[in-house]
Amino acid sequence: MSTSNPGPEPKHDHFLRALIREDLRTGRHQGRVATRFPPEPNGYLHIGHAKSICLNFGLAEEFGGSCNLRFDDTNPVTEEVEYVEAIANDVRWLGFSYGERPLFGSDSFGLMFELAKKLIREGKAYVCALNEEEIRAYRGTLQEPGRPSPWRDRPVDESLRLFDEMNEGKHPEGSLVLRAKIDMAASNMKMRDPLLYRIKRAAHHRTGTAWNVYPMYDYAHPLEDAVERITHSICTLEFENNRELYDWVIRETAYPWVPRQYEFARLNLDYTITSKRKLLQLVEKKLVNGWDDPRMPTIAGMRRRGYTPEAVRSFCELIGVAKNNSVVDIGKLEFAVRDDMNRRAPRVMAVLRPLRVTLTNVPEGETEWLEGPYFPADVPEGAAMGGRKIPLSRDVFIEADDFREAPSKDYLRLAPGRVVRLRYGYCVRCEGVTRDAEGRVVGVTATLLRETLGGAAPAGEKVWGVLHWVSAAHALEAEVRVYDRLFAAARPDAYEDFTRALNPRSLEVISGARVEPSVAADGGIARYQFERVGYFYRDPVDCKEDRLVFNKIVGLKETAVADLKPLDDAAPVEALAAKSSKSETRPAGRTRAQLRQLARDNTPVLNEKRAHFERHYGLSSDESDLVTASLSTVGLVEEAIAAGAAAKSVARWVINELPRELGERDVSETKLVGAALGALIVKADDGTLTATVARALLATLVRDGGDVSALIAREGGRLDAAALDEIVTEVLGANADKVAQYRAGKTALVGFFVGQVMKAAKGKAEASAVQGAVQRALG
RNA sequence: UCGGGGAUCGUCUAAUGGCAGGACGACGGAUUCUGGCUCCGUCUAUCUAGGUUCGAAUCCUAGUCCCCGAACCA
């Protein structure tokens, strides 16, 4: 079915979209956008991967670029073709295409090997004979530098020969590795001579036994990106530390294409785990029924559950992309699924737990065929689908939960003496109950109110609700699998043993459900809404011609009804969470203040300057601290003061205004000189320049340098009162709606008006004057 | 010798010195032959403390909290 509704996606710009837009604008990569989704074929894809897939393929789609599906298959011992096929299938199912066939990192093994030899020849890599434990010991710790491997300066020829021998199978696994020669004292552990290659005598799922050495991720990945001429290599936050090494590999191999890596926050969902390892455990310990168990957060599981690709994609759009570690409310996924289902799932009636209602005034053996549309009027997309016939006879089933002998007032369903409507049919009045020997209610008797077909209300009687129902004689029996969230705790990962957080009631198999007969004759519609119950999917594996099996996709949204709250609804066992956070916050390293002091201690004249600034210029201790961390800053300040500017003002500008213009640069890397800064400050202080213009000129000076008085002649000046009033009138006129809001009490809008006027005046108005003029004009 | 990231409604996410916005959720109402959908309304946020500025979520300073990094995994 086509969905005309675009769904909830006013696509806002997340940081990657903004970044690509900027790259396109500045012409990086000749305006190309090439991304990739690079799974390792060692497990099934899950909802977290879906986010990444939607991001990578989505970005490519949006900007007219391309996205490759590439298997990062550098570790033959964990990887299998089964996973390759499942993953490719999942990507296609989500609706993305990746060209003729997927790509493989292993396709570039030859190139990687040659480039590794090049690194060796250039003295940038060496074969190391330390064992695993020794390498770890030599690497040092987070706080302490590492020590160089004794093999670090092994002659190039020897490394070359050994590397070849490693690949020829002349050395056992673990005996030798190829390492990059970078920096054993690097504060980034990834740069302490990282491993490039290790020996693995395992058959690779694609290259067989052709290789005895396999590249490590950090070496292989950037080259795979480069080979594919990827422009934006997007990965998750935990790879931020790897970026430096990524850039090193591209730079040192001198590969003639420079991809760049960007990181975003991986998806975390509450009541869910998205760890391949843990997912694998669930499957292996048979705590679920395979990778495609409908309770699993795998793409295969969601597919089997009945989710559509559109729903999953809409969810991924809904949650956004950022760098915050966050945990998304599972309710958002359910919202996306319901929203999708509401528009696509035809309505039929099914009773999960049947309760027999005998309509005593309907003759036995009589059948009336009623009509029911597949969609309600408020889903116009479904109008074309028409409807189906629904049989009514003397005995019908209603949901056991839809009858109470002693109902509360907000229970809007059947009870003795009450009238309800059987959906698409008649109203009925409950006359009595029938019981078994133990006194349990096993049925209800009711009379059918003939005149109420087609919506007519029974004379003088309240209709308590509308119930779904099926004709007992015609209904089909079905098995219905009702799924609940797999975990009872919001954060299963917080448990020492995450399987203890499993929800014992995540699956309930209902075997005696009854479904209206139309489902056997509608050509096998895949997804229905069982009215008033939820959305259901014909199980693609177990549902057969002669055996109906439905999976619950998701329930209808329910507004709370006190009378229906299950009494034994155990609270999630949150209390067990015991595992302390894996990496407790560590003591901070050097603070910036310490760094500045360190710089001064290394260059003693700076310490003198600091004292001097305090004594002679009256700067506060903090101010003089902040402007004496480098010689270039000190020089700038002194020159500015020499040019006649007040020391206090200079400090203020250097501390508060300059950093914005500088960014990461040092003053010496810009065109700004102290004399110009001083001249600028003088003009700002004496009122020649408005604050806004002065700030704009600072930006100009940093960027282009130049003569201050010439710049002032060009950019300076200030509006007189009449010109200002004119602009104010103009701005207010153009924003009549805001003016009305302001007068209605939204005084925060003053800032908006001032801002607009400042903009229109190009800064040539003093803010206080503008404020006054605006206030006067607004009354 | 520690380094790299991050902190905005209950949740997710916008706002490049100028109206703190959207979505989920919750609550209330309208509508309804689904306790659904739809519509309307309400709710709730800039980690803390100082500073700069006419104006700060945004710039500066100090602090707090969270995440990642020492696999021959990716």
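Letters A, B, ... mirror the listed sequences (proteins, then strands); counts begin at 1. Hydrogens, waters and symmetry mates play no part in the numbers below; they use all other heavy atoms, side chains included.
- Residues forming a ring-ring contact (aromatic ring centres under 6.0 Å, His included) with His468(A) (at least two apart in sequence, or on another chain): none.
- Which of rG69(B), rA23(B), rC19(B) sits closest to the side chain of Met189(A) comes down to rG69(B).
- In this structure Asp270(A) satisfies the salt bridge (charged side-chain N to carboxylate O under 4.0 Å, His left out) test with no other residue, sequence neighbours excluded.
- Atom P of nucleotide rA26(B) and atom NZ of Lys332(A) are separated by 12 Å, given to the nearest angstrom.
- His171(A) and Arg201(A) are not linked by any side-chain donor-acceptor pair at a separation below 3.5 angstrom, with hydrogens and angles left out of the test.
- Side chain of Arg532(A), nearest nucleotide from rU34(B), rA74(B), rC12(B): rU34(B).
- Checked against ring-ring contact (aromatic ring centres under 6.0 Å, His included), Tyr83(A) has the following partners two or more places apart in sequence or in another chain: Tyr44(A).
- Taking the C1' atom of each, rG28(B) and rC65(B) are spaced 37 Å apart, rounded to whole Å.
- The C1' atoms of rA20(B) and rA14(B) are separated by 10 Å, rounded to the nearest whole Å.
- Using a 4.0 Å heavy-atom criterion, one finds that Asn131(A) contacts the bases of the nucleic acid, with or without backbone contacts as well.
- For the OP1/OP2 pair of rC68(B) and a distance below 4.0 Å, the side-chain nitrogens and oxygens of Arg266(A) include no atom meeting the criterion.
- Ring centroids of Tyr528(A) and Tyr535(A) are separated by 6.0 Å or more, keeping the two rings apart.
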Atom pairs, protein N/O to nucleotides 37-39 of chain B N/O, distance under 3.5 Å:
residue: rC37(B); atom: O2'; partner: Asn342(A); partner atom: ND2; Å: 3.1
residue: rC37(B); atom: O2; partner: Asp378(A); partner atom: OD2; Å: 2.6

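- Put simply, CG on Asn268(A) is 13 Å from C1' on rC68(B), counting in whole angstrom units.
- Residue Thr74(A) places at least one side-chain N or O closer than 4.0 Å to OP1 or OP2 of rA74(B).
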All N/O contacts under 3.5 Å from nucleotides 53-56 of chain B to the protein, with atom names and distances to one decimal?
residue: rC54(B); atom: O2'; partner: Gln771(A); partner atom: OE1; Å: 3.4
residue: rC54(B); atom: O2; partner: Gln771(A); partner atom: OE1; Å: 3.4
residue: rG55(B); atom: O6; partner: Arg695(A); partner atom: NH2; Å: 3.0

Seminar exercise, completed: Expected string for nucleotides 4-9 of chain B under the B/S/- scheme (protein heavy atoms, under 4.0 Å, primed atoms plus P, OP1, OP2 as sugar-phosphate) is SSSS--
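- Between the P atoms of rG21(B) and rG41(B), the separation comes to 14 Å (whole Å).
- When the ring-ring contact (aromatic ring centres under 6.0 Å, His included) test is applied to Tyr138(A), no partner is found at least two apart in sequence or on another chain.
- Nucleic acid contact class of Pro376(A) (heavy atoms, under 4.0 Å, all strands): base.
- Here Glu79(A) pairs with nothing under the salt bridge (charged side-chain N to carboxylate O under 4.0 Å, His left out) rule; sequence neighbours left out.
- Across all strands shown, Lys738(A) has heavy atoms under 4.0 Å from base atoms, whether or not it also approaches the sugar-phosphate.
- A donor-acceptor pair under 3.5 Å links the side-chain atoms of Arg743(A) to the main chain of Leu778(A), judged by distance alone.
- The same atom, C1', is picked in rU31(B) and in rC24(B); the two are 23 Å apart, to the nearest Å.
- Look at CZ on Arg743(A): it is 17 Å from C1' on rC19(B), rounded to the nearest Å.
- For Trp464(A), the CH2 atom counts as densely surrounded, since its 6.0 Å shell holds more than 12 non-hydrogen atoms of other residues, nucleotides or ligands.
- Val327(A) comes within 4.0 angstrom of sugar-phosphate atoms only, judged by non-hydrogen atoms across all strands, and of no base.
- Among all heavy-atom pairs drawn from Arg192(A) and Gly140(A), the shortest one is NH2-C, 3.8 Å.
- The listed nucleotides are rA71(B), rU13(B), rC2(B); the one nearest the side chain of Ser326(A) is rU13(B).
- With sequence neighbours excluded, the residues satisfying salt bridge (charged side-chain N to carboxylate O under 4.0 Å, His left out) with Lys323(A) are Glu240(A), Glu263(A).
- For Asn167(A) against Asn212(A), the heavy-atom pair with the smallest separation is O-ND2, 2.8 Å.
- Nearest nucleotide to the side chain of Ser187(A), out of rC73(B), rA74(B), rC2(B): rC2(B).
- The residue among Gly465(A) and Glu144(A) whose nearest nucleotide of RNA chain B lies closer to the 5′ end is Glu144(A).
- Annotation for Ala336(A) and Ala311(A): closest pair CB-O, 3.7 Å, computed over non-hydrogen atoms.
- Distance from the side chain of Ala748(A) is smallest to rA20(B) among rA71(B), rA20(B), rU34(B).
- Put simply, CD on Glu657(A) and CD1 on Ile681(A) are 9.5 Å apart, with the number rounded to the nearest 0.5 Å.
- Remark: aromatic rings of Phe239(A) and Phe264(A) are distant, center separation not under 6.0 Å.
- In terms of position along RNA chain B, the nucleotide closest to Ala265(A) lies nearer the 5' end than the nucleotide closest to the other residue of the pair Phe753(A) and Ala265(A).
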For this session: With salt bridge (Lys or Arg N to Asp or Glu O under 4.0 Å) as the test, would you mind laying out the steps for Arg70(A) and Asp225(A) before giving the verdict?
Result: CA-CA 10 Å; Arg70(A) 177 179 76 222; Asp225(A) 286 341; 2.8 Å; yes
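- For Tyr197(A) and Tyr214(A), the ring centers sit 6.0 Å or farther from each other.
- Across the C1' atoms, rG17(B) and rG51(B) are found 16 Å apart, a figure rounded to whole Å.
- Nucleotides rC43(B) and rC37(B) are separated by 23 Å at their P atoms, to the nearest Å.
- Under the salt bridge (charged side-chain N to carboxylate O under 4.0 Å, His left out) criterion, Glu371(A) pairs with Lys389(A), sequence neighbours left out.
- For Met216(A) and rA70(B), the CE to P distance is 11 Å, given to the nearest whole Å.
- When distances run from any side-chain atom of Arg596(A) to the nucleotides rC72(B), rC24(B), rU61(B), the shortest one goes to rU61(B).
- If you check every strand for non-hydrogen atoms under 4.0 Å, Phe239(A) touches a base.
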N/O contacts under 3.5 Å, protein versus nucleotides 29-33 of chain B?
residue: rC33(B); atom: O3'; partner: Arg423(A); partner atom: NH1; Å: 3.4
residue: rC33(B); atom: O2'; partner: Arg423(A); partner atom: NH1; Å: 2.6
residue: rC33(B); atom: O2; partner: Tyr424(A); partner atom: N; Å: 3.1
residue: rC33(B); atom: N3; partner: Tyr424(A); partner atom: N; Å: 3.2

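- Following rounding to the nearest Å, Asp329(A) (CG) and rU11(B) (C1') show an atom-to-atom distance of 6 Å.
- Secondary-structure stems of RNA chain B, taken as three or more successive Watson-Crick or G-U wobble pairs (i with j, i+1 with j-1) under a 3.5 Å distance threshold, comprise B:2-7 with B:64-69, B:10-13 with B:21-24, B:25-30 with B:38-43, B:47-51 with B:59-63.
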